[in-house]
Amino acid sequence: MKITQIISHVLQYDLDEELGYSQQYYAKRTAHLVEVRTDIGITGWGECFGGGGVAFANKTIVEHVIQPMILGMDPLDRDVIWHKVYNLLRDHGQKGMPIQSLSGVDIALWDIAGKFLNQPVYKLLGGAYRERIPAYGYGMMLQKFPNLEERFTEESQRIKEMGFTAMKMKIGLSPERDVKLVEAVRKGIGSDMRLMVDANHAYTAREAIPLGRELQNLGVYWFEEPVAPEDHQGYRDLCEALDMSIAGGEAEFTRWGFRDLIKNRCVDLLQPEVCALGGITEYQKVLAIAHAHFVPVVNHVWGSAIAVGTNLHLLAALPDLPGAAHPVQPMLEYDTTPNLFREQLLQESLNINEQVKNNNGTVALPKGPGLGIEPDLDFIKHYEVSI
């Protein structure tokens, strides 16, 4: 079996309302899918992390940089392919967009391997520790409304009514405003529901520590990306100063980046993003480092149904940490804001909302070979845009 072609599909449409986080607002929903074709008719699908202009830059890297390196290679040689691409790109991008681009290709190779062997990806990873994955609802994105607190209260109530048993919200406007937003969400969901906050590195450690103390008093479970990903000392200061869990890792890449993040004890919870850090091949190496240091892993998930499906396999194959009779289970991060690329992309929907509502907030594993999901090519054609 040989790789014959790699195609990038950048999909995009206009949102009804702008959504934002601490760094920017965006008016378009974007997804970057990678299609890898072989000479025996098996096609694999992957996804690259990064929206907007980043997706178009990654498309160029996938098609004009990575594709010529690996055409004609056996797609089952995933580790060989990974290291060939990384070594040839090392001088130009040890982090960022080249690794995001490699991630989408690598995920597609795992999809091909599963289809070739007629096994789901979680089997290739060693088997499933769990048949259903608990999911948490991600919402309360920042918006330019003066009554944002009221909107957050209402949205958090809707997410709870959907059946999720935990949820996450955005913060990062200012420490004072953030506290008011978290109070508004607590008003909507009550004191007994698990709540996480994501600042998207809005603060310095000096700002984030007193904010974290306020968040602790509001029962926040974890404080995600409080400071810039490069600020390892700031992360350590937060871990030492606060009793709540500090989470991060979505903006880190490869085993070498995660080695330093974990070695320096920067996070209590690690959030690897498989569509960015180097794909499933590299995710497995990052996971091994995390387990060697007893750092729990809760994957970061943001993107289309391809990203969601990929993470269901990874979370199923994620060992308990620590091993115990009743360990805390990993959770699937699930974006509850409107997203056609999550809801309508596949030939057969994952039906996450329905599953969560009817199965105590949990989601079943895809059972078909490879990722067990297939995109609708007509849907892709309709929403695909060019540079």
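In this chain, numbering begins with 1 at the start of the sequence shown. Not measured: the values here are computed from a predicted model.
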Response to the item:
CG of Leu371 to CG of Asp111, rounded to nearest 0.5 Å, is 4.0 Å

Worksheet item: Does Glu35 pair with Arg37 as a salt bridge, N-O distance under 4.0 Å?
Response: yes

Item to complete: For residues Cys48 and Val34, report the shortest heavy-atom separation together with the two atoms involved.
Response: SG-CG2, 3.6 Å

Discussion item. If hydrophobic clusters are built from ILVMFWY residues whose side chains come within less than 4.5 Å, do Phe223 and Val297 share one?
Written reply: yes

Worksheet item: Which residues pass the salt bridge (Lys or Arg N to Asp or Glu O under 4.0 Å) test with Lys367, sequence neighbours left out?
Response: Glu131

Discussion item. Less than 3.5 Å apart, any donor N or O on the side chain of Asp39 or Thr4 sitting next to an acceptor on the other?
Written reply: no

Fill in: Side chain Ser101, main chain Ile61, donor-acceptor under 3.5 Å
no

Practice prompt. Find the distance between NZ (Lys285) and CD1 (Ile289) and round it off to the nearest 0.5 Å.
Written response: 10.0 Å

Discussion item. What I want to check is whether the side chains of Glu207 and Thr204 have a donor and an acceptor closer together than 3.5 Å.
Written reply: yes

Worksheet item: Of Lys28, Arg151, Arg29, which meets salt bridge (charged side-chain N to carboxylate O under 4.0 Å, His left out) against Glu17?
Response: Arg151

Discussion item. Salt bridge or not between Glu240 and Arg265? Use side-chain N to carboxylate O under 4.0 Å.
Written reply: no

Practice prompt. Decide if the gap between the ring center of Tyr122 and the ring center of Trp110 is smaller than 6.0 angstrom.
Written response: no

Worksheet item: Please, which pairs that meet side chain to side chain donor-acceptor pair (under 3.5 Å) have at least one residue in residues 377-387, sequence neighbours excluded?
Response: His9-Glu384

Worksheet item: Does any N or O in the side chain of Glu149 come within less than 3.5 Å of the main-chain N or O of Lys180, such that one atom is a donor and the other an acceptor?
Response: no

Worksheet item: Would you say the side chain of Val363 lies within less than 4.5 Å of the side chain of Asn359, judging by non-hydrogen atoms?
Response: no

Worksheet item: Do you know which two heavy atoms are closest between Val286 and Pro272, and how far apart they sit?
Response: CG1-CB, 4.5 Å

Practice prompt. Could you tell me whether a side-chain N or O of Gln347 sits under 3.5 Å from a main-chain N or O of Asp376, the two making a donor and an acceptor?
Written response: no

Discussion item. Tell me whether Ser22 contacts the main-chain N or O of Gly172 through its side chain, where contact means a donor paired with an acceptor under 3.5 Å.
Written reply: no

Discussion item. In the structure I gave you, are the side-chain heavy atoms of Val356 and Thr165 within less than 4.5 Å of one another anywhere?
Written reply: no

Worksheet item: Judged by modelled atom types alone, do His300 and Gln271 share a side-chain donor-acceptor pair under 3.5 Å?
Response: no

Practice prompt. Hey, can you tell me if Phe341 and Tyr13 have their rings parallel, tilted or perpendicular (30° and 60° cut-offs)?
Written response: perpendicular

Discussion item. Check the orientation of Tyr86 and Trp256. Use parallel for under 30°, tilted for 30 to 60°, and perpendicular for over 60°.
Written reply: parallel

Worksheet entry | Side chain Glu333, main chain Val301, donor-acceptor under 3.5 Å | yes

Worksheet item: Without hydrogens or angle criteria, can the side chains of Tyr203 and Asp231 be said to hold a donor-acceptor pair below 3.5 Å?
Response: no

Worksheet, complete the sentence: Scanning both residues in full, the closest heavy-atom pair of Ala108 with Val36 reads CB-CG2, 3.5 Å

Worksheet item: Shortest non-hydrogen contact from Val85 to Met69?
Response: CA-SD, 4.0 Å

Discussion item. Quick one, Val308 and Ile352 - any side-chain contact, counting heavy atoms below 4.5 Å?
Written reply: yes

Fill in: Donor-acceptor contact below 3.5 Å, side chain Asp106 vs main chain Ile280
yes

Worksheet item: Taking NZ, NE, NH1 and NH2 as the nitrogens, is one of them in Asp260 or Arg255 under 4.0 Å from a carboxylate oxygen of the other?
Response: no

Discussion item. Main chain of Pro134, side chain of Thr362: is a donor-acceptor contact present, judged purely on distance under 3.5 Å?
Written reply: no

Worksheet, complete the sentence: Between Pro366 and Leu350 the two heavy atoms that sit nearest each other are CG-CD2, 4.2 Å

Fill in: Euclidean distance, Met97 CE relative to Leu89 CG, rounded to 0.5 Å
12.0 Å

Worksheet entry | Test item: side-chain donor near acceptor, Asn58 and Gln100, under 3.5 Å | yes

Item to complete: Determine whether the side chains of Thr337 and Asp335 contain a donor N or O and an acceptor N or O closer than 3.5 Å.
Response: yes

Worksheet item: Taking the six-membered ring where the residue is Trp, are the ring centres of Phe253 and Phe258 under 6.0 Å apart?
Response: no

Worksheet item: Measuring from Arg186:CZ to Leu181:CG, what's the distance to the nearest 0.5 Å?
Response: 14.0 Å

Discussion item. Just so I know, are the side chains of Ile171 and Asp198 near enough to count as touching, which here means a heavy-atom distance under 4.5 Å?
Written reply: no

Practice prompt. Would you sort out whether Lys115 and Glu374 count as a salt bridge (charged side-chain N to carboxylate O under 4.0 Å, His left out), showing the intermediate values?
Written response: CA-CA 11 Å; Lys115 291 171 179 175; Glu374 287 295 326; 2.5 Å; yes

Response to the item:
Lys95 meets the salt bridge (Lys or Arg N to Asp or Glu O under 4.0 Å) criterion, sequence neighbours left out, with Glu252

Worksheet item: Backbone N or O of Trp222 within a donor-acceptor pair of the Ser245 side chain at under 3.5 Å?
Response: no

Discussion item. Under a 3.5 Å cutoff, is there a donor and acceptor pairing between the side chains of Arg213 and Gln216?
Written reply: no

Response to the item:
Of all heavy-atom pairs linking Met244 and Gly212, the shortest is SD-O, 3.7 Å

Worksheet item: Sub-3.5 Å donor-acceptor pair from the side chain of Trp82 to the main-chain atoms of Gly278, do we have one?
Response: yes

Discussion item. Measuring only between side-chain heavy atoms, which start at C-beta, is Tyr26 closer than 4.5 Å to Met141?
Written reply: yes

Worksheet item: Under a 4.0 Å N-O cut-off, is there an ion pair linking Lys2 with Asp74?
Response: no

Practice prompt. Please round to the nearest 0.5 Å and tell me the distance separating atom CG of Asp79 and atom CD of Glu282.
Written response: 8.5 Å

Worksheet item: Hey, are Asn264 and His232 close enough side-chain-wise for a donor-acceptor pair under 3.5 Å?
Response: yes

Item to complete: Please determine if Lys168 forms a cation-pi arrangement with Tyr136, meaning its NZ or CZ atom is less than 6.0 Å from the six-membered ring centre and no more than 45° off the ring axis.
Response: no

Worksheet item: Under a 4.5 Å cut-off applied to non-hydrogen side-chain atoms, are Arg90 and Gln94 in contact?
Response: yes

Worksheet item: Considering the options His64, His32, Gln67, which one meets the side chain to side chain donor-acceptor pair (under 3.5 Å) requirement together with Ser8?
Response: His32

Worksheet item: Are side-chain heavy atoms of Val185 and Leu195 found at a separation under 4.5 Å?
Response: yes

Worksheet item: With respect to Ser304, which candidate in Arg342, Glu47, Glu343 satisfies the side chain to side chain donor-acceptor pair (under 3.5 Å) definition?
Response: Glu47

Worksheet, complete the sentence: Separation between CG (Asn299) and CD (Glu250), nearest 0.5 Å, reads 12.0 Å

Worksheet item: For Phe145, does its backbone N or O pair with a side-chain atom of Gln143 as donor and acceptor, under 3.5 Å?
Response: no

